[in-house]
Amino acid sequence: MTSDIPPIPAPRVRFAPSPTGYLHVGGARTALFNWLYARQTGGTFVLRIEDTDKERSTEAHTQVILDGMSWLGLDWDEGPLFQGEYADRHRADAERLLAEGKAYRDYLTAQELDGWREQAKAAKIPFRFNRQAMALSADEVARRQAAGAPYAIRFAVPDEEIAWTDAVHGRISWQGRDLDDFIILRSDGSAIYNLAVVSDDIAMAITHVIRGDDHVSNTPKQIALYRALGQEPPVFAHVPMILGTDGKKLSKRHGATAVGDYQDQGILPAAMRNFLALLGWSPGNDDEIVTMEEMIARFSLEAIQSKPAVFDPAKLEWMNGQYLSMLPAIELHDPVVRQLERMGVNWHDAALDPIIDAVKARARTVTSVAEQVATRLPGATVVRDAKGEALVAKMGEQFTTCLALARAALAAVPPGDWQLAPLEAALKETAEREGLKLGDVMQPVRVALTGGTVSEPVNELLAVVGREESLRRMR
RNA sequence: GGCGCUAUCGUCUAGAGGCCCAGGACACAGCCCUCUCAAGGCUGGAACACGGGUUCGAAUCCCGUUAGCGCUACCA
């Protein structure tokens with residue numbers, strides 16, 4: 001006997017940003033969740049650019065969004081599709097609703113609508129669109145119709161309960177009477193967001209709508225539209241907002257909000273992805289560093305937190321540091337080169353990877369790795385920092401003496417032995433012979449080579465900077 | 001104002017009635033390690049918003065209060 005349970009169709013999800021700005025971390029996380037869900041279920045991830053706001057949408061923004069997603073490793077299976085190309089279908093859907101009596105023509109002009117608004121304001125009651133009270137007389141409608149006056153199409157919201165089981169929030173319900181009859185088609189024939197979204201999601205056979213919490217109040221309107229269009233609504237999952245440290249919605253005044261900003265700051269995509277995933281979602285245990293594979297395997301919409309999360313840059317940096325020390329230098333090569341180029345550093349002909357390896361354990365960002373790499377390149381100018389200066393002052397005469405001692409010992413190391421063990425031995429022997437503390441000989445070398453008092457172990461530093469350059473810097 | 005959502009350490013969170021006088025991580029403080037700084041290890045302070053129920057028993061279920069957020073456009 002074969003099973004007669006029909007196969008569950010593979011989910012189709014979408015990320016639908018509007019190209020009116022950069023890819024923000026909130027959008028990036030929404031995209032991530034959609035992507036994770038698609039990858040876990042073997043579903044399809046559709047990328048749709050909602051460019052119907054022609055005033056604010058630009059191609060440059062679209063490109064930035066695409067770049068941001070690629071950087072994060074979020075590949076899409078279909079698209080990018082552009083909402084602007086489906087205007088005919090949107091209009092047809094509106095006309096159909098009109099023909100079926102589920103929507104109606106609204107001949108009210110902007111001025112007349114404003115008049116109602118002012119009236120409400122004067123009476124100190126909130127403005128609501130009222131189908132009966134604001135209706136034009138039949139004669140007036142006929143007159144405007146005959147004159148070919150422009151009209152918008154309004155959806156007649158049915159007075160009934162509209163409820164759904166949100167995959168992250170559980171049951172949410174609204175009353176149709178709390179919703180105004182909203183416009184679905186402007187008088188210029190273009191669709192309003194709520195209609196465009198529903199029309200597209202139906203046409204693209206989207207099964208799960210995973211989007212930001214700011215859309216929950218659009219959901220009842222959209223469900224009403226699905227019903228009116230004779231379609232079953234998809235599963236909705238509303239993921240919480242991301243807040244700034246002050247508990248307010250994350251915005252520019254909180255600093256970097258675009259994923260490109262973090263790329264520039266030297267955050268690794270893997271760290272960003274991990275951090276974003278854990279902002280609102282948890283694998284259910286105490287794991288912090290979660291690989292992509294684990295995320296895909298363990299992801300679930302139900303495990304998404306229903307309250308907003310504060311974006312903590314300090315934790316992002318910590319996580320980035322974890323990835324930095326975990327990743328082999330070869331994988332850091334390109335990001336470091338990118339930063340070096342941003343810094344205008346000539347790195348060509350230098351063997352970067354050994355330096356990256358020596359330096360990455362002490363950095364939390366790629367930028368900081370690049371800065372350290374730059375100072376270890378041959379010919380780099382050594383600038384003493386405050387701590388380096390302080391050490392020189394503190395040691396006084398001894399600084400020069402110890403440095404000379406160290407230099408002599410190191411100069412005696414044959415080029416072929418310029419390696420970790422012999423270098424360390426040379427320095428230790430010198431300290432012992434002269435009755436000096438190890439630090440007294442190590443620190444001056446460190447300051448001479450880097451300008452500061454902080455670096456990898458001195459023998460590694462010497463190895464990475466090279467014999468000739470090291471001796472030159474100690475002169 | 002109306003409607004909706006939300007409420008565990010400063011922050012991210014674990015927790016789906018007894019395993020919790022609440023666990024982990026970031027941040028913070030101290031100690032260890034150590035040529036410096038990271039890393040790592042150890043230790044410490046730090047939370048179930050409030051009030052009522054339900055129950056033998058509630059961080060967990062219900063109701064209310066308070067607070068925060070979202071929406072309330074011919075924007076998306």
Side-chain angles (χ1 to χ4, degrees), chain A residues 16-20 50-53 55-57 83 106 108-110 113 117 124-129 150-154 166 169-170 172-175 177-180 182-194 196-197 212-221 238 240-241 243 245 247-249 275 278-289 302 305-319 321-322 324-325 359-364 387 391 424 427-428 431 437-447 450 452-459 461:
Chain A
S18 38
T20 55
E50 309 213 320
D51 56 348
T52 52
D53 184 350
E55 307 289 299
R56 299 190 293 152
S57 300
Q83 190 162 59
D106 178 8
L108 244 30
T109 63
L113 224 32
R117 281 204 181 86
K124 289 201 171 100
I125 54 166
F127 174 79
R128 294 267 329 248
F129 181 84
Y151 60 89
I153 296 182
R154 266 185 206 275
D166 196 278
H169 291 280
I172 300 181
S173 85
W174 295 65
Q175 293 302 325
R177 72 182 75 94
D178 290 326
L179 265 24
D180 285 354
F182 54 96
I183 289 177
I184 52 177
L185 202 74
R186 297 185 187 91
S187 47
D188 69 359
S190 65
I192 285 293
Y193 171 74
N194 283 122
V197 165
D213 246 357
D214 46 343
H215 285 291
V216 323
S217 43
N218 282 322
T219 307
K221 298 179 183 176
H238 288 96
M241 310 265 74
L243 274 21
T245 350
K248 301 257 187 284
K249 189 174 172 177
F275 176 75
L278 258 39
L279 210 54
W281 173 76
S282 152
N285 58 13
D286 295 335
D287 292 353
E288 300 284 340
I289 305 297
E302 289 69 26
Q305 196 81 22
S306 46
K307 69 163 181 185
V310 173
F311 188 95
D312 181 9
K315 188 155 186 178
L316 207 211
E317 282 212 358
W318 166 79
M319 191 163 279
Q322 297 290 308
L324 232 30
S325 42
V359 131
K360 70 189 176 78
R362 257 154 304 271
R364 288 195 156 195
K387 283 185 176 173
L391 184 86
E424 186 175 3
L427 258 13
K428 281 192 171 163
K437 281 185 287 181
L438 211 43
D440 288 336
V441 1
M442 297 291 200
Q443 283 300 69
V445 174
R446 192 170 344 247
V447 171
T450 68
T453 58
V454 172
S455 86
E456 61 272 42
V458 166
N459 60 335
L461 178 63

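Rounded to whole Å, atom C1' of B:U72 lies 15 Å from atom NE2 of A:His215. In this structure, A:Tyr193 atom OH and B:U72 atom C1' are separated by 16 Å, rounded to whole Å. Atom pair A:Glu50:CD and B:A76:C1' shows a separation of 7 Å (rounding to whole Å applied). Residue A:His169 contributes atom NE2, which lies 6 Å from atom C1' of B:C5 at whole-angstrom precision. When the C1' atom of B:C71 is taken as reference, atom CG of A:Asp166 falls 15 Å away, rounded to whole Å. Following rounding to the nearest Å, A:Leu185 (CG) and B:A73 (C1') show an atom-to-atom distance of 15 Å. Rounded to an integer number of Å, the gap from A:Leu243 CG to B:C5 P is 18 Å. The separation between A:Ile184 atom CD1 and B:C75 atom P is 14 Å, rounded to whole Å.
Side-chain atoms of A:His238 never come within 3.5 Å of backbone atoms of A:His169 as a donor-acceptor pair (strictly under, hydrogens ignored). Side-chain atoms of A:Ser325 come within 3.5 Å of backbone N or O of A:Gln322 as a donor-acceptor pair.
In this structure, A:Lys221 and A:Tyr193 have side chains that are not in contact, with every pair of non-hydrogen atoms separated by 4.5 Å or more. Residues A:Pro220 and A:Leu179 have side chains in contact (heavy-atom distance under 4.5 Å, counting atoms from C-beta outward). Looking at heavy atoms from C-beta onward, A:Lys315 lies in side-chain contact with A:Glu288 at the 4.5 angstrom threshold. Side-chain contact between A:Thr245 and A:Asp312 is absent, with no heavy atoms from C-beta onward closer than 4.5 Å.
For B:A59, there is no paired nucleotide, since no Watson-Crick or G-U wobble pair has both relevant distances below 3.5 Å. B:C35: no Watson-Crick or G-U partner with both key distances under 3.5 Å is found in any strand. In this structure, B:A25 forms a base pair with B:U11, meeting either the Watson-Crick or the G-U wobble geometry with both donor-acceptor distances under 3.5 Å. Pairing for B:C19 is absent, judged as Watson-Crick or G-U wobble with the two contacts each under 3.5 Å. When Watson-Crick and G-U wobble pairs are counted only if both distances are under 3.5 Å, B:C5 pairs with B:G68. As the counterpart of B:C48, no nucleotide is assigned, since no Watson-Crick or G-U wobble pattern has both distances under 3.5 Å.
Within the 4.0 angstrom heavy-atom criterion, only backbone atoms of the sugar-phosphate kind lie near A:Thr52; the bases stay farther away. Within 4.0 Å (heavy atoms only), A:His238 reaches no atom of the nucleic acid at all. Contact annotation for A:Leu179: no contact, since no heavy-atom pair falls under 4.0 Å across all strands. Within the 4.0 angstrom heavy-atom criterion, base atoms lie near A:Asn218. Using a 4.0 Å heavy-atom cutoff across all strands shown, A:Ser173 reaches sugar-phosphate atoms only and no base atom.
Nucleotides B:A59 and B:C21, compared at atom C1', are 13 Å apart to the nearest Å. With both ends at atom C1', the span from B:C28 to B:A46 equals 10 Å, rounded to whole Å.
Nearer the 5' end of RNA chain B, as judged by each residue's closest nucleotide, is the contact made by A:Val216, out of A:Val216 and A:Ala152.
A donor and an acceptor atom never sit less than 3.5 Å apart when one is taken from the side chain of A:Ser217 and the other from the base of B:C3. Contact annotation: side chain of A:Asp287 to base of B:A25, donor-acceptor pair absent below 3.5 Å.
Rounded to the nearest 0.5 Å, atoms CG (A:Leu324) and CZ (A:Arg364) are 10.5 Å apart. Taking CG from A:Asn459 and CE from A:Met442, the interatomic distance works out to 6.5 Å, rounded to the nearest 0.5 Å.
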Which parts of nucleotides 9-14 of chain B does protein reach within less than 4.0 Å, heavy atoms only, written one letter per nucleotide 5' to 3' as B for base, S for sugar-phosphate only and - for none?
-> --SBSS
For nucleotides 32-43 of chain B, 5' to 3', base contacts (B), sugar-phosphate-only contacts (S) and non-contacts (-) with protein non-hydrogen atoms under 4.0 Å give ---BBBBSS---
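Remark: A:Ile192 engages A:Ile183, A:Arg186 in a side-chain contact (heavy atoms from CB on, under 4.5 Å) (not counting sequence neighbours).
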